[in-house]
There are 2 protein chains.
Amino acid sequence: MMKCEQCIVKQFNALKSLEKDDLIRISGCKTSKFIKKGEILFREGESINGVYCIKEGVCKLTKLSANGKDQIVKLVVRGDLLGQRSLVTDEKSNLTAIAVNEMEICFIPKSEILHDLSKNANFSLDMLQDMAKELRIADNIIVDMAQKSVKQRLADVLIYLDQAFDKDERGYVGVMLSREDYANLVGTATESAIRILSQFKKEGYISTTGKHIKIIDLEGLKRIE
Amino acid sequence: MMKCEQCIVKQFNALKSLEKDDLIRISGCKTSKFIKKGEILFREGESINGVYCIKEGVCKLTKLSANGKDQIVKLVVRGDLLGQRSLVTDEKSNLTAIAVNEMEICFIPKSEILHDLSKNANFSLDMLQDMAKELRIADNIIVDMAQKSVKQRLADVLIYLDQAFDKDERGYVGVMLSREDYANLVGTATESAIRILSQFKKEGYISTTGKHIKIIDLEGLKRIE
DNA sequence: TATATACTATGATATTTATCATGTTTTAAT
DNA sequence: ATTAAAACATGATAAATATCATAGTATATA
């Protein structure tokens, strides 16, 4: 099994601020596993008791709203940590994590992370900075949700996917989401998401083959209003 | 001028984790001032270079959306800190802060806070916990913005104001907002906010006298859908 | 106290979005 | 390969919300 101190993924998250000794210690008690598409890592209301480091794959963080629909709050990708928020506040998870595709993840027990938070100021600061950035992003999403039309928000999602995920050989976006996922990302009815994607296709902004989507006119999408 | 080490307000924020020595040091370089209703503490895009501690009053944090409307992202009250996010990431402010009523605030320069963050693990952890809580709240607002109707969101705002602000002698909510503020909190047109408040009044959930609002039927508001 | 200005209110209408219905296509399982 | 289930698509309609128009009301300021 890959050791933390040799793992390249940690460069993308706060674990990069740990010393070699600490990484070796963490490596000794971490567990690693593969998750199939659609599997649930943890549910809203469950205790996580540690932090997941995403080594490969994508997962969606969702929350069930009062009207019974799942809202996707964010997508978590290779290199991201998962569960820091609940760990720090010692609360149950506020969100449900579901694999969007095949994933490989490592789980680091709570006690190890807390140990480092209390001893290593760099690590704490790095974690604090990550959380601060997440907060800025969340604030911006609030503004977009409140002020932009469904069509704009869906265009935004496509723009985000285009820049955040590698494309395959044929230029298709490197993550495949269902139309329902798109709807749950922008907060609309599935039919509305389908309709707007059809319209984007008709108007030449994107091309689609099943769940595969290719962005054809990124600048056009940015001009949607 | 009130000294930090004697100030009761710090109990409500991360500054409570500092030792007396540190508080005295901070007290020595803080500045304190009064802000009039409507005044701007700082604008989106400006460098804050420190942290504000709210000793008295309320301010709104807004962001201008692409369509030219201000969205109120949150209300900040007595005891809250302001500017930690930008301080930690060393970014310009993402939001504009505007006083909702008469305020008294203290400003602590960046260098002092950074000094404590690097030396005091308790302080860092406390800050981290505050930010983690803010993040949870922001995630929940995203879900509400995406999934709830305007009417539900406005009811939620009233419920929040009812529990977050003291009432005056006659039972009116202790903070006065314009109808436009209500609209900018829920992300709707001012006319829509006015209409829904009128409806709530007609249906006996609230009573209003100008900007003064009294919650009459809290449970009723919670049942709005 | 007069007067301008901002805020509140409400009707009429247009636009956006959700819901319901129905059929097709894709995917997964036997 | 066959069949059931899930996902996609689209029309028709209803409901929610925005926009435009107009007028009353409060508030500040000269």
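All chains are named by letter (A, B, ...) in the order of the sequence lines, taking the proteins before the strands, and each is independently numbered beginning at 1.
At whole-Å resolution of the value, NZ in B:K151 and P in D:dA18 are 13 Å apart. The distance from atom CG of A:L154 to atom C1' of C:dT17 is 13 Å, rounded to the nearest whole Å. Atoms CD (A:E180) and C1' (C:dT26) sit 16 Å apart, rounded to a whole Å. When the P atom of C:dT17 is taken as reference, atom NZ of A:K148 falls 13 Å away, rounded to whole Å. Atom P of nucleotide D:dA7 and atom CG of A:N184 are separated by 11 Å, given to the nearest angstrom. The interatomic distance linking A:E225 (CD) with D:dT19 (P) rounds to 12 Å, in whole Å. Atom pair B:R153:CZ and D:dA16:P shows a separation of 14 Å (rounding to whole Å applied). Computed from coordinates, the A:K202 NZ to D:dT10 P distance equals 6 Å when rounded to whole Å.
Toward the 5' end of DNA chain C, the nearer of the two residues B:A146 and B:E191, judged by each one's closest nucleotide, is B:E191. Closest-nucleotide positions on DNA chain C for A:I196 and A:G210 were compared, and the one nearer the 5' end corresponds to A:I196.
Residue side chain B:R195 reaches the base of D:dT19 through a donor-acceptor N/O pair under 3.5 Å, judged by distance alone.
Residue A:T188 places at least one side-chain N or O closer than 4.0 Å to OP1 or OP2 of C:dA18. Distances shorter than 4.0 Å separate none of the side-chain N or O atoms of A:S178 from OP1 or OP2 on D:dA6. Note on B:T190: every side-chain N or O is 4.0 Å or more away from OP1 and OP2 of C:dC7. Of the side-chain N and O atoms in B:S192, none sit less than 4.0 angstrom from OP1 or OP2 of D:dT17. Distances shown here put every side-chain N or O of B:K201 at or beyond 4.0 Å from the OP1 or OP2 atom of C:dA9.
Proximity note for B:R179 (side chain, C-beta onward) versus C:dT17, C:dA9, D:dC8: the nearest is C:dA9.
Just one of A:D156, A:L161, A:D162, A:V157 meets the side-chain contact (heavy atoms from CB on, under 4.5 Å) condition when paired with A:I159; it is A:D156.
Within a 6.0 Å sphere centred on CG of A:N67, heavy atoms belonging to other residues, nucleotides or ligands number more than 12.
The aromatic rings of B:Y52 and B:F42 lie parallel to each other, with less than 30° between the two planes, well short of the 60° mark.
Ion pairing between A:E102 and A:K37 fails under the 4.0 Å rule for side-chain N and carboxylate O.
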Residue pair B:K69, B:N184: steps toward the side-chain hydrogen bond (donor to acceptor under 3.5 Å, both in side chains) verdict
CA-CA 8 Å; B:K69 290 182 76 174; B:N184 294 347; 5.2 Å; no

